[in-house]
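These notes concern the structure reproduced below.
Order of the sequence lines fixes the chain letters, A, B, ..., with proteins taken first and strands second; residue numbering starts at 1 for each chain.
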2 protein chains.
Amino acid sequence: MRTAHDITRVFNALGDPTRRAIVERVSNGPLSVSDLAKPLKMTLAAVVQHIQVLEAGGLVRTKKAGRVRTCSLQTKGFDLASEWIADRKSLWERRLDRLGAMLDEES
Amino acid sequence: MRTAHDITRVFNALGDPTRRAIVERVSNGPLSVSDLAKPLKMTLAAVVQHIQVLEAGGLVRTKKAGRVRTCSLQTKGFDLASEWIADRKSLWERRLDRLGAMLDEES
DNA sequence: CTAATACTTAAGTAAATACTTGACTATGTA
DNA sequence: TACATAGTCAAGTATTTACTTAAGTATTAG
């Protein structure tokens, strides 16, 4: 199971504001690398590196047609992240239920 | 709105396997700092630093009683994270719906 | 063909991160 | 009282990360 590794990549990718901004823009539809770079105060090369991190995290998918690489959203990374969070949630909710039951029994 | 800053902290905190392991163990109930440290191959000081990152991300809460600091789960960070993910999801689902509608009209 | 566009690649740098060590401070325990 | 436990604090170090610059390669437009 290399999932732990994958989840690390997802959360790391989302832990940077620039990368989240990219994801937010791509949520509204695919964009080229240079379109993504335009509003950002950094070089194209830096943006490309951010996109690579997002792609490694399964949050974004890219495809090159001609000389332009188009960046679109991928669900895999989001699914991994929300699944992990949901798992934690179910654990501590179950625990709180047990605590509640114990308190009920006491009264 | 300092939320962007907060979300960065949440995802950064979750982007480390050691810290996720801590969160996973705390999901089953509160633990002291040294209990948390026991299975980990690093010094107590390092574990404390990880816990501080988790606390800054709102994923964990700690309280000191006597000489032992007890670490328990906090929902705030999880809520922030899953909210951000849900927002993205609703955006691209809406977009896919529009695309579907357009395809329907064409046929 | 030529020139601009849209990246790509490699290498370097500054700052952040994940640790360590060691010395210290409380707080329980024998 | 003395000793162990549980954590705190400050520094230092090694690696990783977020960039930059500069020189290249395709691809498309004039």
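- For DNA chain D, the span of nucleotides reached by chain A at under 4.0 Å from its heavy atoms goes, 5' to 3', from D:dA18 to D:dT28.
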**Q.** Under 4.0 Å protein heavy-atom contact, by nucleotide of nucleotides 21-30 of chain C - B base, S sugar-phosphate only
**A.** B-----BS--

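- Atoms CZ and OG, on A:Arg95 and A:Ser90 in that order, are 12.0 Å from each other to the nearest 0.5 Å.
- Residue pairs meeting the side-chain hydrogen bond (donor to acceptor under 3.5 Å, both in side chains) criterion with at least one partner in residues 54-64 of chain B, sequence neighbours excluded, are B:Glu55-B:Thr62, B:Thr62-B:Arg69.
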Under 3.5 Å, N/O pairs linking protein and nucleotides 13-15 of chain C:
none

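- Residues meeting the side-chain hydrogen bond (donor to acceptor under 3.5 Å, both in side chains) test with B:Arg88, sequence neighbours left out: none.
- Using a 4.5 Å heavy-atom cutoff, the side chains of B:Val23 and A:Trp84 are in contact.
- Taking the salt bridge (charged side-chain N to carboxylate O under 4.0 Å, His left out) definition, one finds that A:Asp87 meets it with nothing, sequence neighbours left out.
- Rounded to whole angstrom, the span from the CZ atom of A:Arg69 across to the P atom of C:dA6 amounts to 15 Å.
- In this structure the side chain of A:Asn28 reaches within 4.5 angstrom of the side chain of B:Leu91, judged on heavy atoms.
- For A:Thr70, the side chain to side chain contact (heavy atoms under 4.5 Å, CB included) criterion is met by A:Pro30, A:Val68, not counting sequence neighbours.
- A salt bridge links B:Arg9 with B:Asp6: the closest approach of a Lys/Arg side-chain nitrogen to an acidic carboxylate oxygen falls below 4.0 angstrom.
- Residues satisfying the salt bridge (charged side-chain N to carboxylate O under 4.0 Å, His left out) criterion with B:Lys38, sequence neighbours excluded, are B:Asp35.
- Residues B:Leu59 and B:Leu14 meet the side-chain proximity criterion, which asks for heavy atoms closer than 4.5 Å.
- Residues passing the side-chain hydrogen bond (donor to acceptor under 3.5 Å, both in side chains) test with A:Trp92, sequence neighbours excluded: none.
- Within residues 22-34 of chain B, the residues that have a heavy atom under 4.0 Å from DNA chain D are, in order of number, B:Ser32, B:Val33, B:Ser34.
- Partners of B:Glu83 by side-chain hydrogen bond (donor to acceptor under 3.5 Å, both in side chains), not counting sequence neighbours: none found.
- For C:dC19, the OP1/OP2 oxygens have a side-chain nitrogen or oxygen of B:His50 closer than 4.0 Å.
- Going from atom CG of B:Asp16 over to atom P of C:dC19 covers 6 Å, rounded to whole Å.
- Per the geometry, CD1 belonging to B:Ile51 stands 14 Å off P belonging to C:dA18, to the nearest Å.
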Hey, can you pull the donor-acceptor pairs under 3.5 Å for the side chains in residues 43-52 of chain B, sequence neighbours left out?
from    : atom 1 : to      : atom 2 : distance (Å)
B:Thr43 : OG1    : B:Ala46 : N      : 3.3
B:His50 : ND1    : B:Arg19 : NH1    : 3.1

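- The 5' end of DNA chain D is approached more closely, in terms of each residue's nearest nucleotide, by A:Asn12 than by the other of A:Met42 and A:Asn12.
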